[in-house]
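Heads up: the structure comes next, in structure tokens.
None of these values were measured; they are calculated from a predicted model.
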Amino acid sequence: MFSPGTKRSNLNARKSGRDKPTTTTTSSSPVTPLTQNRRPLDDNSPIPNRPSTGTPAPWASRLSALARIPPAKKSDKGEETDPIQPVYVGDFPQVLRDEQAVLIQKHAPGNVPISGGMDKETSLTWVICGNKLFVWSYLSPAASKNCIVLDLPLTMSENEDVGKSSNDWLVCFINWDRSTNKVSPQCCSAGVVACNRKTRNLIYWPDIYSAARNEPVVSFPEESEVSFSTSDVKGTPTKLRQQNKLGSNVTRSNSLNCLIACAVPKTHHSHASVALACSSDGELWQFVCSPSGIQRRKISQDMLSKSSQGSDGGQFSGGRGYPRSLVWQSLSHSSDKANRQFLLLTDHEIQCFSIEFSPSFNVSKIWTHEIVGTDGDLGIQKDLAGQKRIWPLNLQIDNDGKVITILIAIFCKDRVTSSSYTEYSLLTMQYKSGVNVSSECVQPHERVLEKKAPIQVIIPKARFEDEEFLFSMRLKVGGKPAGSEIILAGDGTATVSHYWRNSTRLYQFDLPYDAGRVLDASVFPSDDGEDGAWAVLTEKAGVWAIPERAVLLGGVEPPERSLSRKGSSNERSSLEERKNLSFTGNIAPRRATSEAWDSGDRQRTGLTGIARRSAQDEEAETLLNQLFHDFLLSGHTDGAFDKLKTSGAFEREGETNVFARTSKSIVDTLAKHWTTTKGAEIVTSSVVSSQLLEKQQKHKRFLQFLALSKCHEELCSRQRHALHIIMEHGEKLAGMIQLRELQNMLNQNRASGAGTYSTTEMSASGSLWDVIQLVGERARRRTVLLMDRDNAEVFYSKVSDLEEFFYCLERDLDYIISEKMTDSVLFQRAYELSSACVTLLRTAMTCRNEDHLWYPPSEGLTPWTCQEKVRNGLWSLAYFMLQLVKENNSLDDTIKLDSHAHLEVLSDVLLEAYSGAINAKVERGEGHKNLLDEYCNRRDALLECLYQQVKDLVEGKLQDLGEAAEEQKIFGKLSSGLLSIAKRHEGYKTLWSICCDLNNSELLKNLMHDSTGPKRGFSYFVFQQLYDNRQFSKLMRLGEEFQEDLAIFLKQHQDLLWLHEIFLHQFYEASENLHVLALSPKDTSAMEIEAESFDTTIETGLVERRRFLNLSKVAALAGRSANFETKVKQIEADLKILNLQEEIMKLLPDGERQNISQRLLPPVDLIELCLKIQDRELSLRVFDIFAWTSSSFIKSNASLLEDCWRNASNQDDWERLYQASVDEGWGDEETLSILKDTILFQASSRCYGPKAETFEGNFQEALPLRPENSEQVTLKNMGSSVETILMQHKDYPEAGKLMLTAVMLGSVHSNTISIVEEEEPTPME
């Protein structure tokens, strides 16, 4: 469309050509040649009758499309080509080619026009040729196209040859398949609405994939609907063309301009749909289509706005030629909604309507937005200087339904030169933030849209064209590069516009005339949810793609004056083109497309920008390829290392390293001779295996080259990651070879089991074949350079991307193994995938083990078999099999045994992958807790399921044999594999269960010796199980063989640790632990729990603690360590305090005794309890408690000791005693005899008497009886002593002397003995 401006000489030639009368000769056609002069592609001559003018791109030579379509075979060496060329994707289906050949025989070559289009939602392509409609998926590779042929009813032609009007059809697809996981490239269910632009005859196929697809529903318009024909306009063809120029008043045809259709959600099951069409005479029509018939209804014309552009200067009146475009407001539509909005483009505004999915299908206008008016902020400002006319030509909306793009043409006149020109631009609008565009929310005259960006001028000054040409332009949005648009012109050209680096750049899709016109364009889907590269449908050369890189590199600044195929500054003669064709005959575009991958994946650079490799990298890689080639021929590597080091070949690491790239190019080479193998026939071809073996041999030779040239040593020391990648290429290649053998074996098994089916049919029914198709399809969608290849061909060629096999398992497993399948099919397809995964990973591991000397040090490197894609894919399949087994309990033993075997080996490789990933993270010092938790959870789930399967299998075999004696033998045989997996991956729960079920203590001990782990191995797990199950005797017996392990475990269980320490003759440690255990706050011990489990009633609480203290004393005496005497003394003190608590408990009231029960009270709590009770006997026991505590305890609780003395002084009536002593005149002996019964006397004797005993220190140090200078003591300066405490007593003024006498007498007399001494138990009690 947008060709460069013409030179003046050519302009004069064209002017002279226009003055000549119109003829049908080739020499008189300076513009697009007439169709009758164009020969078909299958002519013998290269380009016969080629017109002297053409449409070459200004940046590339114009090779014929014949030269661009690749031949079947090429040499193994890929040629370098121009990266800005379009990519050939695939030819028309053969049935369409056959139909074209038939029509050519019936008609003149130029009288076989065809029309066609591409549907983005369904990825379907349609072409009408003759009286047939051909439909196929443009995503399918050429080798496996499934074309549907629909016959147009003969009555539609109205006694005319349908072939003559086959380019007058509008076609829409209705996608009935609304599944979210659309992984299959083929549409499963779709309807077709076809409408003739001129006659308005409508055809509806409810479902072209159903058996009744050849029975369409036909609808003809009423006579009043079609009121215009070409006979209404009189005049010669030349005059008609002149009248169609600007300013003409001839009434335009009422042909339809646009057609859209969608499914009716509420009647989705009956394949009902609604279609909308707009015509040039301002009409909007509605067609309700169903299998029972078609209802036609004209929407009220009052709803359409009048034209805002007057008739002055050739303006339309009433919007002549409009509306132009119809689009759905959102491409995605929920089946739950009761209405759907669509946009309509008129000559000055955008109108939004809503159609209700009700029986009446009412259409109502929601809002309008003027884009051509006096306010430039709303769109385009009119009536500017130089403006003569503004044409909104086409409208499109993005996938999200948020951005609207309008193609605008403005007719202008230069006031200086008086020359006329056309300015083409793009206007982008978006919905205003906060505006709800639902029908019930939009207020009248509310502004809904706003400019997203300033108007983007595509061509500032282009040649003026007539209206017919302008109205033939169509706009498409959504392809890559992101934000680009493609503009299709009626003359069959296509131009991609992309705003990049603050300027608009244009890329013209350019094919010579022998490729025909561009019929339509669409986009390839992408896995990331975004649109892919542009796809272009040509009239004669099939489907092509425009890579993103081509647009970025090949885009040029807009030319000053250019448009359509008319005139070009670099037009060349057919002779010059033939010369180029012969010179470049060996260059096929496929070498520029898929086979460009052979050179180290050169075309796969980042396409968001122009990311080029440095010249040094290119030179180093070229040098490496040359040296390797010389090595293959001669076997010598003279000076290779020095040359490569000088070129900088060792400076990059990882995948960018030139050695890694060369290795990748070796394993990813696309076979040139696979193209003769079609579809599933690739599976049965031996060419695949031979090609893989050739790659493997060449890769081994590459490793030999690295070793002999000393490059391997350098890589091993400096670029470990790069060398690791090279070795992994060998692993993947070996795995692919084994996968190929597995597929051959599966095909043979199917052939032997179902002889009535062909191998091709059977291979297509296997789950492995489905995954191969999905992986290949994903690679083709991701890279348009591979679109011309078959899915299986891409899969078996792209060896380095083998991880994608597992990615597709994770993402598309629901599609590969559907719930709609029978159980037997589900199991069989799962088995196939499991075998494939295990084959790939075990082959890689085998290669790694056999060639371990070739590998660099692996510290911190994650193998490809341990990557997240691989792990998740394996887990998806394993989890599916796990659920499948759980949901099918009533399976026969054969299926159970097969499922167990497959799940067992799959679990093994999955857990190995996790183990490798965790080790790599640990070596790199990265956090791995989340990965470790995931590994443990999935490991336990798999091992538990496998263990349950073993138990079910054993139970089934026992029922068949009826011999219980064989149970352990059968169980041991079936569980051997599971035992090995659980042992390697620390599946301790499974190991424990197996040992318990086998009742094999020797096996248990052997596993405990062999298994180690992050938590001290399997032995720790066994100890914990025995402890939790209260099997303490078994636990302690294991300590005889696992002394150190049990000692470590029992550090957390000290109630049993002392037993093991006594067994180890560690008496001092046992005494310490027993002592701590006796004084611990816990009320019971593990030994008590075990005793209770055997229904043995024993005394608990304080009695048990006394036993622990006595045992501690015995252990201390047995150990006789350096300070054992102090230890024994401390234990005896604790025993006395324990006895005191028992005596105190007897003196407590029943309520207090029940609250305390048998709990061990700390000394402080026990003392406070005695003070609280206010009992005479208890007031004396508190001093015994203080006596058997440490001196530090007494000092830190001095205030509590003072409270005890105050409490002791209050236990006797000193006023009465004093009065009695005065009245009776006590003598010394009588005074001593009476005071002995007082608590003060007894307390003084216990604490300060000659026979007073304490554990450590004495009371005199903490609280003396009297201050040092007693004569000067007063209440104001009193210190801490017993005397000062007594001075605060209420009776001290009168009976103070008697109280002090009792204290002093008690300190020198000892007629009382501690209760503790009288009742002290023997050590062995």
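Between F1042 and H1009, the ring center distance clears the sub-6.0 Å criterion.
Here L931 contributes atom CG and E934 contributes atom CD; the two are 6.0 Å apart, rounded to the nearest 0.5 Å.
A perpendicular orientation is assigned to the rings of F1049 and Y1020, their planes being inclined by more than 60° (bins at 30° and 60°). Using a 30° and 60° split on the angle between ring planes, F1032 and Y1027 fall in the perpendicular class, above 60°. Ring-plane geometry between F1018 and F1021 is classed as parallel, the angle between the planes falling under 30 degrees on a 0 to 90 degree scale with a further cut at 60.
K732 and E728 are not joined by a salt bridge, as no carboxylate oxygen comes within less than 4.0 angstrom of a charged side-chain nitrogen. Salt bridge status for K983 with D1010: present, with a side-chain N to carboxylate O gap under 4.0 Å.
No donor-acceptor contact under 3.5 angstrom links the side chains of E1002 and N1006, judged on distance only. Side chain to side chain, R984 and S980 meet the donor-acceptor criterion of an N or O pair below 3.5 Å. A donor-acceptor contact closer than 3.5 angstrom links the side chains of W864 and E731.
Taking the centre and axis of the six-membered ring of F806, the NZ or CZ atom of K869 falls outside the cone set by 45° and 6.0 Å. Remark: R939 fails to qualify as a cation-pi partner of Y914 under the 6.0 Å distance and 45° angle criteria applied to the six-membered ring.
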